[in-house]
Amino acid sequence: MDLTAQIEVKALAKEFGKIIINSDKINIFQVDKQLIIDLFKEYGVLLFRGFKAECDEFLEFSNSLSADFMDYIGGYVKRQEINGNPSLLTVNDFSSAIKLHGEMYYQKHHPAMIWFYCNQPPLKDGQTIVCDGKQFYKELSDSLKNLFQQKKLKYPSKLSKNDWQIRYKTENIKTAIQICLDNDLEVKVNEDESMSRVYTCPAVYPSRSQEDLVFINSLLPAQAVNRNLVRFDDDSEISKEIISELNAIAEQITVEINWQKGDILMIDNERIMHGRRAFSDNQRDIYIRLCSLGF
Ligand SMILES: [Fe+2]
């Protein structure tokens, strides 16, 4: 049976992303695995639509293409485990917009790939947004390209005792410090047992093939939360003009995913940045998994 005849592969955007549409009621396990891998490597993000996958099928399908699922220790937002599975998590517990970012780019260990599953779409708004970090880099002015190659980003943060115990899922300060050190964070414990941490990392990385440069980081959401939080590694300010240029590029190259029930999204977290539009209803129920590539 020629299964390629039973799916339709459409462009998600001009230069990245594909939508794999079920056009003949096959199940998701019948889609050719090598085709998925090839499309993923070439286009960076795949949306599987119309396969009516239940959550169990999503788990099995994502297992078949992934390795080393992460449990989100050290993660910034609050996520709940679904059905007691530490590798199946809610997106988060708030409904405001989230600017484009690479997942967990505020620490060394971040997932190479992320999966999204739409258990229930929002009634309105709440689109997941994506952009190509390669394209983002190309759109930067020459002066910003130079600046981001010369200077790294520096994220300072302070966690209260309660906050680090939640973030690192431990009450043991030594364990928490070790997790920070393993993630290349500088860490200092204060008298009140709060923790001051600093993470320094590039804004731009070589692509997986080493052929291109990719703008991928957590700068825009971190900056939206606290304008003075992120600085360059020489402690100079990231000016309003720089942030305006980045936000303008982000909006211009953003692609929205309007969720349908059962949709599965597979994202290369070394190339594609993602985020979310705000929403106001209580229907939106999206899950994520964080992992390495299984191929
Ligand atoms: Fe995220």
Side-chain angles (χ1 to χ4, degrees), residues 1-10 12 17-41 43-73 75 77-95 103-104 110-123 126-128 130 169 257-269 272 274 276 279 281-295:
M1 186 164 51
D2 177 14
L3 288 168
T4 53
Q6 295 172 293
I7 55 164
E8 188 186 346
V9 180
K10 272 191 178 175
L12 179 69
K18 289 286 178 192
I19 312 176
I20 298 175
I21 301 166
N22 187 4
S23 46
D24 198 19
K25 295 182 185 144
I26 59 169
N27 73 56
I28 196 148
F29 302 100
Q30 291 174 280
V31 183
D32 182 70
K33 207 165 159 181
Q34 195 54 50
L35 176 71
I36 295 172
I37 294 167
D38 293 345
L39 289 173
F40 177 83
K41 285 182 177 167
Y43 297 100
V45 48
L46 304 180
L47 172 63
F48 298 88
R49 175 156 283 170
F51 293 91
K52 295 201 166 87
E54 297 291 337
C55 189
D56 290 358
E57 291 169 296
F58 164 62
L59 285 173
E60 198 183 331
F61 179 64
S62 49
N63 283 345
S64 74
L65 289 155
S66 314
D68 305 325
F69 283 100
M70 293 172 65
D71 57 9
Y72 202 58
I73 284 180
V77 296
K78 284 201 183 99
R79 301 189 188 282
Q80 306 294 330
E81 292 177 8
I82 306 294
N83 303 329
N85 181 342
S87 77
L88 182 65
L89 305 166
T90 54
V91 277
N92 48 50
D93 63 351
F94 55 94
S95 57
E103 187 69 17
M104 298 182 89
H110 49 252
M113 176 160 70
I114 47 180
W115 291 94
F116 286 77
Y117 172 69
C118 178
N119 194 46
Q120 193 64 50
L123 295 173
Q127 295 91 342
T128 286
V130 289
K169 296 185 182 157
I257 312 280
N258 283 287
W259 288 112
Q260 293 183 12
K261 190 174 168 58
D263 277 353
I264 292 173
L265 190 64
M266 181 185 185
I267 291 183
D268 182 348
N269 195 43
I272 304 293
H274 67 280
R276 179 183 75 198
F279 59 98
D281 61 78
N282 60 4
Q283 297 296 297
R284 193 180 193 274
D285 195 21
I286 310 287
Y287 304 154
I288 59 159
R289 306 191 83 190
L290 314 171
C291 55
S292 305
L293 307 188
F295 44 86

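Note that the structure is predicted; figures quoted are calculated from it, not measured.
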Asker: Testing the basics here: between I264 and A53, what is the closest heavy-atom pair and its distance to 0.1 Å?
Answerer: CD1-CB, 4.0 Å
Asker: Work out which heavy atom in D268 is nearest to a heavy atom in A112; give both atom names and the distance.
Answerer: OD1-O, 3.6 Å
Asker: How many angstroms lie between NE2 in H274 and CD1 in I288, if you round to the nearest 0.5 Å?
Answerer: 7.0 Å
Asker: CG/L265 to CD1/I272 distance, rounded to the nearest 0.5 angstrom?
Answerer: 9.5 Å
Asker: Give me the atom names and distance for the closest heavy-atom approach of S23 to E8.
Answerer: OG-N, 4.0 Å
Asker: Shortest non-hydrogen contact from P111 to N269?
Answerer: O-ND2, 2.7 Å
Asker: Report the residue from I26, I21, I19 that forms a side chain to side chain contact (heavy atoms under 4.5 Å, CB included) with I7.
Answerer: I26
Asker: Does the ring of Y117 carry R289 above it, NZ/CZ under 6.0 angstrom from centre and within 45° of its axis?
Answerer: no
Asker: Check ring-ring contact (aromatic ring centres under 6.0 Å, His included) between F51 and all other residues, then give those that pass, not counting sequence neighbours.
Answerer: none
Asker: Where is the tightest heavy-atom contact between S62 and F69, given as atom of each residue plus distance?
Answerer: O-CZ, 4.0 Å
Asker: Begin from the C-alpha positions of F58 and Y287 and carry the test ring-ring contact (aromatic ring centres under 6.0 Å, His included) through to its verdict.
Answerer: CA-CA 10 Å; F58 164 62; Y287 304 154; 7.9 Å; no
Asker: Does any pair with a residue in residues 45-58 pass salt bridge (charged side-chain N to carboxylate O under 4.0 Å, His left out), and if so which ones, sequence neighbours excluded?
Answerer: R49-D263
Asker: Return each pair, listed once, that meets salt bridge (charged side-chain N to carboxylate O under 4.0 Å, His left out) where at least one residue sits in residues 78-92; pairs must be two or more places apart or across chains.
Answerer: R79-E103
Asker: To the nearest 0.5 Å, tell me how far I20 CD1 sits from L46 CG.
Answerer: 4.5 Å
Asker: Can you tell if the side chain of Y72 reaches within under 4.5 Å of the side chain of M104, non-hydrogen atoms only?
Answerer: yes
Asker: Are the side chains of C118 and I257 in contact, using a 4.5 Å heavy-atom criterion?
Answerer: no
Asker: For the atom pair CG (D71) and CG (L88), what is the distance rounded to the nearest 0.5 Å?
Answerer: 13.0 Å
Asker: Would you say that N119 contacts I82 through its side chain, given a criterion of any heavy-atom pair below 4.5 Å between the two side chains?
Answerer: no
Asker: Drop me the distance from N63's CG to W115's CH2, to the nearest 0.5 angstrom.
Answerer: 9.5 Å
Asker: Identify the residue among N27, V31, I28 that makes a side chain to side chain contact (heavy atoms under 4.5 Å, CB included) with F61.
Answerer: I28
Asker: Side chains of F116 and V91: closer than 4.5 Å at any heavy-atom pair?
Answerer: yes
Asker: Minimum heavy-atom separation for D281 to L123, with atom names?
Answerer: OD2-N, 3.0 Å
Asker: Roughly how far, to the nearest 0.5 Å, is the CZ atom of F295 from the CD1 atom of I36?
Answerer: 9.0 Å
Asker: Taking the side chain as every heavy atom from C-beta outward, state whether K261 and Q120 have any pair of such atoms under 4.5 Å apart.
Answerer: yes
Asker: Check this for me: Q80, atom CD, are more than 12 non-hydrogen atoms of other residues, nucleotides or ligands nearer than 6.0 Å?
Answerer: no
